[in-house]
Amino acid sequence: MISFLMRRTIPRCRAYSSQTTSELTKVEVNEKTGVAVVTLNRPPVNGLNVAALRSLEKVIGDLETNKCKGLILSSSSKNIFCAGLDLTEIYKPDQEKLKSLWTAFQDLWIKLYGASFPTTAALNGHAIAGGCVLALSCDYRVMVPNSSIGLNETELGISPTAWIIASMQNVLSKRSVELALLQGRIYKTNQALEIGLIDEIANDKDETIKKCEEFIAKYSRVQSLAFSLTKRELRGKAISELTSNRQGDLQFFVDSINNPSVQKFLEKYLQSLKSKKN
Ligand SMILES: CCCCC/C=C\C/C=C\CC/C=C/CC(=O)SCCNC(=O)CCNC(=O)[C@H](O)C(C)(C)COP(=O)(O)OP(=O)(O)OC[C@H]1O[C@@H](n2cnc3c(N)ncnc32)[C@H](O)[C@@H]1OP(=O)(O)O
């Protein structure tokens, strides 16, 4: 499947080179269509630490500069798209690193949610918490069966901030957002389709990518400038609200994580993840 994708400078996605491909984020651009497949590559679960967030943010910035025709966000894992922020970075955290983590997440969201080209998430597995935020920041989501997606923050003892709520409100009905967030619900693939959290189901990873390509192809007759201006009109308010309150948003995150009851929960939660294997 991937063999038709080329890592080299191409006419449709100008002067894009493989230099920005790092171990954490692989980039392959289709020579014919100018569409980039960007693959998260931080085993075992694509946990988002500062390096992974910054790597993805840089790739999106480069695609923007090089007038990419569309983005398909995927994962190198067999059954996990992304398990969210790296929990080991928020349990007993180093305070400076914690700030860097959230700042990097804010920066990435601003770039991905505001991207001037069509963006899609090829969900070849679970997309939890921060992983769900990545998917929600895209324009379209295709998921394989028997996976899970959602924002479980209230279960973890914290509350999602305004830009995360806005990303979900952009996709779901008001009622569904309330139920999803207040219950901290994680949805199975078919339930996610029912409420509109994903747009399509595909049989396997290759098919998720194919369906994302088909979605992006629908924009081939749309003028790029009109596309980006319309998207900015639709999403700009949520982005401006974050950019004008970055410090407050960061403080809220830092305070939430440092709350002793959240730390206590995280300890048990990490133990329960580890003990699954025993
Ligand atoms: C929590 C505080 C957040 C504060 C935010 C405040 C305000 C803003 C609110 C919302 C905005 C969005 C913010 C998001 C925060 C986050 O993203 S926190 C991360 C939450 N993620 C999860 O709860 C997912 C946990 N993982 C799982 O449920 C499962 O691992 C899985 C993804 C369903 C996969 O299951 P599977 O059985 O295939 O694999 P394992 O569970 O065996 O995992 C393998 C291995 O990986 C470790 N691991 C799993 N998830 C994480 C992770 N997120 N970070 C780090 N490590 C992780 C797991 O412990 C195993 O390790 P091993 O035993 O050493 O092999």
Side-chain angles (χ1 to χ4, degrees), residues 24 40-53 56 75-93 95 97-99 101-110 112-113 123-137 143-144 146-170 177 180-189 192 238 242 245-246 248-278:
L24 294 167
L40 305 172
N41 182 42
R42 185 166 186 256
V45 294
N46 287 323
L48 300 168
N49 64 359
V50 175
L53 291 164
L56 182 55
S75 146
S76 61
S77 154
K78 228 168 58 186
N79 67 332
I80 298 163
F81 173 71
C82 172
L85 295 185
D86 186 333
L87 288 162
T88 63
E89 304 269 325
I90 60 181
Y91 173 59
K92 293 192 177 166
Q95 294 302 310
K97 273 196 194 161
L98 188 62
K99 285 185 198 161
L101 183 74
W102 196 250
T103 304
F105 196 32
Q106 291 174 332
D107 284 338
L108 171 59
W109 178 79
I110 290 167
L112 184 56
Y113 193 63
L123 305 170
N124 59 309
H126 309 295
I128 315 287
C132 176
V133 174
L134 291 186
L136 284 170
S137 308
M143 193 174 212
V144 294
N146 304 318
S147 293
S148 20
I149 178 166
L151 295 175
N152 58 342
E153 279 70 29
T154 49
E155 187 205 355
L156 302 179
I158 41 107
S159 108
T161 57
W163 52 280
I164 286 151
I165 296 175
S167 311
M168 198 173 234
Q169 280 172 337
N170 191 44
V177 172
L181 291 181
L182 292 176
Q183 295 174 3
R185 260 194 84 172
I186 299 292
Y187 297 84
K188 298 306 286 182
T189 304
L242 172 60
N245 182 36
R246 292 206 44 168
D249 186 76
L250 174 62
Q251 198 55 53
F252 178 79
F253 172 73
V254 168
D255 290 345
S256 300
I257 297 300
N258 285 323
N259 183 321
S261 65
V262 171
Q263 283 298 313
K264 208 166 164 191
F265 181 89
L266 283 171
E267 182 173 343
K268 286 201 183 127
Y269 191 61
L270 275 163
Q271 277 166 5
S272 73
L273 285 172
K274 302 253 171 244
S275 63
K276 266 195 335 192
K277 286 182 188 135
N278 305 326

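One-based numbering, in listed order, for ligands and for the atoms of each.
Between Phe105 and Trp163, the two ring planes are perpendicular [angle over 60°; tilted spans 30° to 60°].
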For Ile257 and Val254, run side-chain contact (heavy atoms from CB on, under 4.5 Å): C-alpha distance rounded to whole Å, both residues' side-chain angles, the deciding distance at 0.1 Å, then the answer. CA-CA 5 Å; Ile257 297 300; Val254 168; over 6 Å; no
Please assess Tyr269 against Asn152 for the test side-chain contact (heavy atoms from CB on, under 4.5 Å), listing each intermediate value before the final yes or no. CA-CA 12 Å; Tyr269 191 61; Asn152 58 342; 3.4 Å; yes
Between Asp255 and Asn259, does a side-chain contact (heavy atoms from CB on, under 4.5 Å) hold up when you go through it step by step? CA-CA 6 Å; Asp255 290 345; Asn259 183 321; over 6 Å; no
Mind running side-chain contact (heavy atoms from CB on, under 4.5 Å) on Phe81 and Leu40 for me, showing each step along the way? CA-CA 8 Å; Phe81 173 71; Leu40 305 172; 4.2 Å; yes
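For the atom pair Leu151 CG and Gln183 CD, the distance stands at 13.0 Å (nearest 0.5 Å). The CH2 atom of Trp102 sits 6.0 Å away from the CG atom of Leu85 when rounded to the nearest 0.5 Å.
By the 3.5 Å distance cut-off applied to N or O atoms, Thr88 is not counted among the residues near ligand 1. Considering backbone and side-chain N/O of Pro160, none are found under 3.5 Å from N/O of ligand 1. Any N or O atom pair closer than 3.5 Å counts here, and Ala83 shares at least one such pair with ligand 1. Polar contact with ligand 1: absent for Gly84 (N/O pair, distance under 3.5 Å). Residue contacts with ligand 1: Asn152 is placed with a nitrogen or oxygen under 3.5 Å of a nitrogen or oxygen of the ligand (distance criterion only).
In terms of the ring-ring contact (aromatic ring centres under 6.0 Å, His included) criterion, Phe252 has no residue partners (sequence neighbours excluded).
Residue Ile90 approaches ligand 1 through these ligand atoms, each under 4.0 Å from one of its heavy atoms: 1 (C), 2 (C). Numbered from 1 in the order shown, with element, the atoms of ligand 1 that lie under 4.0 Å from a heavy atom of Asn79 read 38 (O). Within the listing of ligand 1, atoms 8 (C), 11 (C) sit less than 4.0 angstrom from a heavy atom of Trp102. Close approach of ligand 1 to Pro44 (heavy-atom distance below 4.0 Å) involves ligand atoms 45 (C), 46 (O). Heavy-atom proximity to Ile164, at under 4.0 Å, picks out these atoms of ligand 1: 10 (C), 11 (C), 12 (C). Applying the 4.0 Å criterion to heavy atoms of Tyr269 picks out, from ligand 1, the atoms 22 (C), 23 (O), 24 (C), 25 (C). Counting the atoms of ligand 1 from 1 in the order shown, those under 4.0 Å from a heavy atom of Ile257 are 2 (C), 3 (C), 4 (C). Close approach to Phe253 involves these atoms of ligand 1, each under 4.0 Å from a residue heavy atom: 4 (C), 5 (C), 6 (C).
Nearest to atom 34 (C) of ligand 1 among the protein's heavy atoms is Ile80 CD1, 3.6 Å. At the top of the distance list for atom 31 (C) of ligand 1, counting protein heavy atoms only, stands His126 CD2, 4.3 Å. Distance from atom 1 (C) of ligand 1 to its nearest protein heavy atom, with residue and atom name: Leu156 CD1, 3.3 Å. The shortest contact between atom 44 (C) of ligand 1 and any protein heavy atom is with Val45 CG1, 3.8 Å. Protein heavy atom in closest approach to atom 28 (O) of ligand 1: Leu273 CD2, 4.1 Å. Of the protein's non-hydrogen atoms, the one nearest atom 35 (O) of ligand 1 is Lys276 NZ, 3.5 Å. The single protein non-hydrogen atom nearest to atom 62 (P) of ligand 1 is Lys277 NZ, 3.3 Å, given as residue, atom name and distance. Scanning all protein heavy atoms for the shortest distance to atom 3 (C) of ligand 1 gives Ile158 CD1, 3.2 Å.
Looking at Leu48 against ligand 1, nothing comes within 4.0 Å, counting heavy atoms. Contacts between Ile128 and ligand 1 below 4.0 angstrom, taking non-hydrogen atoms only, involve the side chain exclusively.
When atom types are taken as modelled, the side chain of Asp249 and the backbone of Asn245 share no donor-acceptor pair closer than 3.5 angstrom. Although no hydrogens or angles enter the test, the distance criterion places a donor-acceptor pair under 3.5 Å between the side chain of His126 and the main chain of Ser148. A donor-acceptor contact shorter than 3.5 Å is absent between the side chain of Ser147 and the backbone of Thr189. Checking side-chain atoms of Ser75 against main-chain N and O of Ile80 turns up a donor-acceptor pair under 3.5 Å.
The closest approach between any non-hydrogen atom of Leu151 and ligand 1 is not below 4.0 Å. Gly47 does not count as a contact of ligand 1, since none of its heavy atoms falls under 4.0 Å from the ligand. Under the 4.0 angstrom criterion for non-hydrogen atoms, Ser159 is in contact with ligand 1.
For the salt bridge (charged side-chain N to carboxylate O under 4.0 Å, His left out) condition, the pairs that include at least one residue of residues 77-91, sequence neighbours left out, are Arg42-Asp86.
The 12-atom threshold is not exceeded at CG of Asn146, counting heavy atoms of other residues, nucleotides or ligands nearer than 6.0 Å.
Put simply, the side chain of Leu48 does not reach to within 4.5 Å of the side chain of Leu108, judged on heavy atoms.
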